[in-house]
Amino acid sequence: MPESNKHTALVETIIKYIGREHAQIAALGIINDLSSPLYAEKPNRIDGFVPDVYAFDAPLTTIIIGEAKTRDDLETEHSRQQIVAFLSFLGHQNTGIFILAVPWQIKRRAQGIVSTLREAAGAESVKTVTLDDLGF
């Protein structure tokens, strides 16, 4: 599967997970950065980075940021800076949740990276979830 298709599938895994695991939130809005109609709403930049998925409820009590990383981009400096920015932002919210979706082969490594970066960002209160492309 080409890299962009893998990334799209991982983003869709995040969206499905949010819909399933947070179904009890009545007014949950989910926006994503996938290709869509020209005027479709996209997530706002957070410290210069656009998340793949941004979900929020109304009134605002929970913010969920989802990011998809393929094998080739998980450990780049750009990805590290991006994840730290998202974790730091979520650390300042009432309830912040960060979801990272990766291919199953690198799930354990991804969990370790997120744990280290969460500590570096001072965002220990942020709940983190690591999903793989098998849907777990």
Side-chain angles (χ1 to χ4, degrees):
M1 184 182 306
E3 196 72 13
S4 61
N5 290 348
K6 289 180 187 176
H7 185 266
T8 298
L10 290 167
V11 172
E12 289 171 350
T13 297
I14 295 168
I15 294 167
K16 288 175 190 172
Y17 174 86
I18 293 170
R20 184 178 68 244
E21 295 298 314
H22 299 280
Q24 78 283 4
I25 300 175
L28 183 67
I30 304 173
I31 54 178
N32 65 70
D33 196 31
L34 294 175
S35 298
S36 56
L38 186 60
Y39 296 105
E41 187 173 8
K42 299 282 189 178
N44 289 328
R45 289 186 177 277
I46 297 172
D47 201 16
F49 301 101
V50 178
D52 291 319
V53 180
Y54 186 90
F56 56 95
D57 61 351
L60 187 60
T61 61
T62 302
I63 295 179
I64 304 168
I65 292 178
E67 191 61 26
K69 295 294 178 193
T70 61
R71 180 187 302 265
D72 292 340
D73 66 346
L74 175 64
E75 297 194 56
T76 66
E77 185 59 29
H78 172 84
S79 291
R80 289 179 185 273
Q81 291 175 2
Q82 187 180 41
I83 292 169
V84 167
F86 296 157
L87 289 167
S88 180
F89 172 81
L90 289 169
H92 292 92
Q93 308 307 313
N94 290 332
T95 302
I97 302 169
F98 178 74
I99 302 171
L100 180 65
V102 296
W104 69 268
Q105 301 94 329
I106 60 172
K107 182 176 182 179
R108 184 167 287 177
R109 178 70 184 132
Q111 289 169 323
I113 290 170
V114 170
S115 178
T116 300
L117 295 178
R118 180 173 62 174
E119 189 175 317
E124 290 86 0
S125 65
V126 175
K127 177 183 176 185
T128 62
V129 177
T130 305
L131 305 173
D132 60 45
D133 52 355
L134 301 176
F136 303 104

Atom pair [atom1]/[atom2] of [X] and [Y] - distance to nearest 0.5 Å:
| X | Y | atom1 | atom2 | value |
| --- | --- | --- | --- | --- |
| L131 | E21 | CG | CD | 9.0 Å |
| I31 | E41 | CD1 | CD | 4.5 Å |
| I18 | L28 | CD1 | CG | 7.0 Å |
| Q81 | E77 | CD | CD | 4.5 Å |
| Q82 | K69 | CD | NZ | 3.5 Å |
| D33 | H7 | CG | NE2 | 8.0 Å |

I'd like to know if the side chain of [X] reaches the main chain of [Y], judged simply by a donor and an acceptor atom lying under 3.5 Å from each other, with no hydrogens or angles considered.
| X | Y | value |
| --- | --- | --- |
| S79 | E75 | no |
| S115 | Q111 | no |
| E67 | P51 | no |
| D132 | K107 | no |

Side-chain donor-acceptor pair present, H22, D57, cut-off under 3.5 Å
no
Any luck finding a side-chain donor-acceptor pair between D73 and T70 under 3.5 Å?
yes
Can you confirm whether more than 12 heavy atoms, excluding those of E119, are under 6.0 Å from its CD atom?
no
When the side chains of residues 92-106 are checked against the rest of the protein, which donor-acceptor pairs come out under 3.5 Å, sequence neighbours left out?
from: H92; atom 1: ND1; to: S88; atom 2: O; distance (Å): 2.8
from: Q93; atom 1: NE2; to: F89; atom 2: O; distance (Å): 3.0

Which pair of heavy atoms, one from L60 and one from F56, lies closest together, and at what distance?
CD1-CB, 3.9 Å
Closest heavy-atom pair, S125 versus G91, reported as atoms and distance to 0.1 Å, is OG-O, 4.2 Å
Examine [X] and [Y] and state if one hydrophobic cluster contains both, with Ile, Leu, Val, Met, Phe, Trp and Tyr joined whenever side-chain heavy atoms are less than 4.5 Å apart.
| X | Y | answer |
| --- | --- | --- |
| V84 | I64 | no |
| V129 | I83 | no |
| I25 | Y17 | yes |
| V50 | I63 | no |
| I14 | Y54 | no |

Which is it for R118 and T128 under the side-chain contact (heavy atoms from CB on, under 4.5 Å) test, yes or no, and what are the steps along the way?
CA-CA 9 Å; R118 180 173 62 174; T128 62; 3.8 Å; yes
Go through the steps to decide whether D52 and N32 satisfy the test side-chain contact (heavy atoms from CB on, under 4.5 Å), and finish with yes or no.
CA-CA 5 Å; D52 291 319; N32 65 70; over 6 Å; no
Can you tell if the side chain of I65 reaches within under 4.5 Å of the side chain of V53, non-hydrogen atoms only?
no
